Peer 1: 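Input: one structure, supplied below.
Every heavy atom of this structure was used, including side-chain atoms; hydrogens, water molecules and symmetry mates were not. Predicted model, so just to flag it, every value in this text is computed and none were measured.
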Amino acid sequence: MVFRGSPPLERRIRTVVLALLLCAQAGFGFSVAGQDGTCEANGSIYFVGEWYFLESDHCTQCECTSEGSACSRTECTSLPAACIHVSHYPSDCCPRCEKIGCEYRGVVYDLGQNFQPSECEQCTCDSDGIARCLVADCAPPPCVNPNYQPGKCCPECKEGPNCYVNASRSQVIPAGEPIWVDSCTKCRCHDGQDAGFWEGNRLASCSRLKNCTPEQPSVNKN
């Protein structure tokens with residue numbers, strides 16, 4: 001049966017064939033997935049020459065070839081040694097360095113920055129992200145009751161050099177001239193001329209008179 005007004009079947013076939021030839025010359029492909037000229041990945045169809053990343057691994061990039069997908073994995077470059085804040089976004093293959101510097105006792109410093117975390121420390125943030133510090137070496141104070149002042153590293157002897165009379169550490173005498181601590185005992189603090197000065201020796205050197213009985217403090221009676 002032939003419908004009136006419809007072109008003959010042969011003419012329609014020619015038209016379709018001509019259209020296919022024109023599309024082929026223009027570079028359009030009509031391959032079906034699974035046949036030569038296409039690759040299937042990520043739930044999509046890719047044509048020969050197309051590049052794509054695997055959705056399951058953002059570090060793997062593939063090219064669709066006539067022999068199938070050719071894939072290779074991206075090698076991430078090393079992060080800077082001084083990186084202290086690393087981020088890894090889901091859509092990225094490699095981690096990102098968001099911040100470089102040094103972290104010291106919970107505080108972040110810039111590369112090359114000099115800082116003083118305490119009165120006795122001088123530090124520098126080096127290029128490798130490590131904070132290197134010099135700590136002051138204070139000499140032992142020449143007293144038994146040193147004071148630490150705000151902003152100063154080493155302790156000071158506000159009352160001057162002194163020492164304990166004996167191991168009971170109940171009495172302190174000033175350094176310098178010998179001092180009678182009772183009627184029979186004379187004591188003197190070590191000074192800078194003595195060997196081992198202040199190397200743990202905070203007791204006075206004392207001499208006692210022979211056959212001497214210390215006087216007892218008088219007691220007032222009412």
Peer 1: Is there a path of hydrophobic side-chain contacts, each under 4.5 Å between heavy atoms of I, L, V, M, F, W or Y residues, that connects Leu203 with Ile173?
Peer 2: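 Different clusters.
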Peer 1: Determine whether more than 12 heavy atoms belonging to other residues, nucleotides or ligands lie under 6.0 Å from atom CD of Glu98.
Peer 2: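 Counting neighbours around CD of Glu98, more than 12 heavy atoms of other residues, nucleotides or ligands fall under 6.0 Å, so yes.
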Peer 1: Within the side chain of Asp126, is there an N or O that forms a donor-acceptor pair under 3.5 Å with the backbone of Gly129?
Peer 2: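 Not at all, since once roles are kept as given, no pair shorter than 3.5 Å links the two residues.
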Peer 1: Any idea which heavy atoms bring Gly101 and Leu111 closest together, and the distance?
Peer 2: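 Taking Gly101 first and Leu111 second, the nearest heavy atoms are CA-CD2, 3.8 Å.
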Peer 1: Give the cluster check for Leu54 versus Tyr46: same hydrophobic cluster or not, with ILVMFWY residues linked at side-chain heavy-atom distances below 4.5 Å.
Peer 2: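 Yes: a chain of side-chain contacts under 4.5 Å links Leu54 to Tyr46.
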Peer 1: What pair of heavy atoms forms the shortest contact from Cys93 to His58, and how long is it?
Peer 2: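 In this case the closest contact between Cys93 and His58 is CB-O, 3.4 Å.
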Peer 1: Check whether Asp92 reaches the backbone of Cys94 with its side chain - one donor and one acceptor, N or O, closer than 3.5 Å.
Peer 2: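 Flag not set: sc Asp92 to bb Cys94 has no pair under 3.5 Å.
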Peer 1: Can any side-chain N or O of Gln116 pair as donor or acceptor with the backbone N or O of Glu119 at less than 3.5 Å?
Peer 2: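 Answer holds: yes.
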Peer 1: Please step through disulfide (SG to SG under 2.5 Å) for the pair Cys120 and Cys154, ending with a clear verdict.
Peer 2: CA-CA 8 Å; Cys120 296; Cys154 299; 5.7 Å; no
Peer 1: With side chain to side chain contact (heavy atoms under 4.5 Å, CB included) as the test, would you mind laying out the steps for Tyr104 and Cys125 before giving the verdict?
Peer 2: CA-CA 9 Å; Tyr104 189 75; Cys125 177; over 6 Å; no
Peer 1: If every non-hydrogen atom of Pro95 is compared with every non-hydrogen atom of Cys76, which pair is closest and at what distance?
Peer 2: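 Taking every non-hydrogen atom into account, CD-SG, 4.3 Å.
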Peer 1: Rounded to the nearest 0.5 Å, how far apart are CD1 of Ile45 and CD of Glu40?
Peer 2: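 Rounded to the nearest 0.5 Å, the CD1-CD separation comes to 4.0 Å.
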Peer 1: Before you tell me yes or no, could you show the steps for Cys62 and Cys39 under disulfide (SG to SG under 2.5 Å), namely the whole-Å CA-CA distance, both residues' side-chain angles and the distance that decides it to 0.1 Å?
Peer 2: CA-CA 10 Å; Cys62 303; Cys39 304; over 6 Å; no
Peer 1: Please answer whether the main-chain N or O of Glu67 pairs with a side-chain N or O of Thr65 as donor and acceptor at a distance below 3.5 Å.
Peer 2: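 Present.
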Peer 1: Looking at Arg132 and Asp128, is any side-chain nitrogen of the basic one under 4.0 Å from a carboxylate oxygen of the acidic one?
Peer 2: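 Judged by the 4.0 Å cut-off on N to carboxylate O distance, Asp128 and Arg132 do form a salt bridge.
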Peer 1: Taking Asn42 for its side chain and Ser44 for its backbone only, find out whether a donor-acceptor pair lies under 3.5 Å.
Peer 2: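 Not a single qualifying donor-acceptor pair exists.
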Peer 1: Identify the two heavy atoms, one from Gly160 and one from Cys143, that lie closest to each other, and give their separation to 0.1 Å.
Peer 2: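 So the two residues come closest at O-CB, 3.6 Å.
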Peer 1: Mind checking the CZ-CZ spacing from Arg169 to Arg202? Nearest 0.5 Å is all I need.
Peer 2: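 Result: 7.5 Å between the selected atoms.
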Peer 1: If we only count heavy atoms from C-beta on, is the His85 to Ser87 side-chain gap below 4.5 Å?
Peer 2: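 Side chain of His85 against side chain of Ser87, heavy atoms only: contact under 4.5 Å found.
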Peer 1: Let me confirm one number: the CD1-CG distance from Ile100 to Asp110, rounded to the nearest 0.5 Å.
Peer 2: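 Going from the CD1 atom of Ile100 to the CG atom of Asp110 covers 8.5 Å.
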Peer 1: Step by step, work out the side chain to side chain contact (heavy atoms under 4.5 Å, CB included) result for Lys158 and Asn147.
Peer 2: CA-CA 7 Å; Lys158 299 184 68 174; Asn147 295 100; 3.3 Å; yes
Peer 1: Are Trp51 and Phe53 connected in the hydrophobic side-chain network, where two residues link if heavy atoms are under 4.5 Å apart?
Peer 2: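 Shared cluster, no.
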Peer 1: Cys83 vs Cys97, test: disulfide (SG to SG under 2.5 Å). Steps then yes/no.
Peer 2: CA-CA 6 Å; Cys83 186; Cys97 181; 2.3 Å; yes
Peer 1: Please walk me through it: do Cys153 and Cys138 pass disulfide (SG to SG under 2.5 Å)?
Peer 2: CA-CA 8 Å; Cys153 172; Cys138 297; 3.6 Å; no
Peer 1: Decide yes or no on side chain to side chain contact (heavy atoms under 4.5 Å, CB included) for Ile179 and Cys187, but give the supporting numbers first.
Peer 2: CA-CA 5 Å; Ile179 294 178; Cys187 298; 5.8 Å; no
Peer 1: Count the heavy atoms belonging to other residues, nucleotides or ligands that lie under 6.0 Å from CD of Gln149, then report whether that count exceeds 12.
Peer 2: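 Atom CD in Gln149 is packed in, count exceeds 12.
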Peer 1: So, Ser69 versus Tyr52: side-chain donor-acceptor pair below 3.5 Å or not?
Peer 2: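 Result is yes, a qualifying pair exists.
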Peer 1: Evaluate the criterion side chain to side chain contact (heavy atoms under 4.5 Å, CB included) for residue pair Val108 and Lys99; output intermediate values, then yes/no.
Peer 2: CA-CA 10 Å; Val108 175; Lys99 176 70 176 178; 3.9 Å; yes
Peer 1: Within the structure provided, determine whether Asn145 and Glu159 are in side-chain contact (heavy-atom separation under 4.5 Å).
Peer 2: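 Asn145 reaches Glu159 side chain to side chain.
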Peer 1: Say you draw a straight line from OG1 of Thr124 to OH of Tyr109; how long is it, rounded to the nearest 0.5 Å?
Peer 2: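 If we round to the nearest 0.5 Å, Thr124:OG1 and Tyr109:OH are 11.5 Å apart.
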Peer 1: Measure from the side-chain N and O atoms of Thr74 to the backbone N and O of Cys59, and report whether any donor-acceptor pair falls under 3.5 Å.
Peer 2: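 Yes, Thr74 side chain to Cys59 backbone: donor-acceptor pair under 3.5 Å.
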Peer 1: With a 4.0 Å cut-off on N to O distance, would you call Arg105 and Glu121 a salt bridge?
Peer 2: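 The answer is yes: the pair qualifies as a salt bridge.
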Peer 1: Examine Val172 and Val165 and state if one hydrophobic cluster contains both, with Ile, Leu, Val, Met, Phe, Trp and Tyr joined whenever side-chain heavy atoms are less than 4.5 Å apart.
Peer 2: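 Hydrophobic grouping puts Val172 apart from Val165.
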Peer 1: Is there a donor-acceptor pair closer than 3.5 Å between any side-chain N or O of Asn162 and the backbone N or O of Val144?
Peer 2: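 Judged by distance alone, yes, a pair lies under 3.5 Å.
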Peer 1: Answer yes if the side chains of Gln171 and Asn166 hold a donor-acceptor pair under 3.5 Å, and no otherwise.
Peer 2: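 On atom types as modelled, these side chains do not qualify, holding no pair under 3.5 Å.
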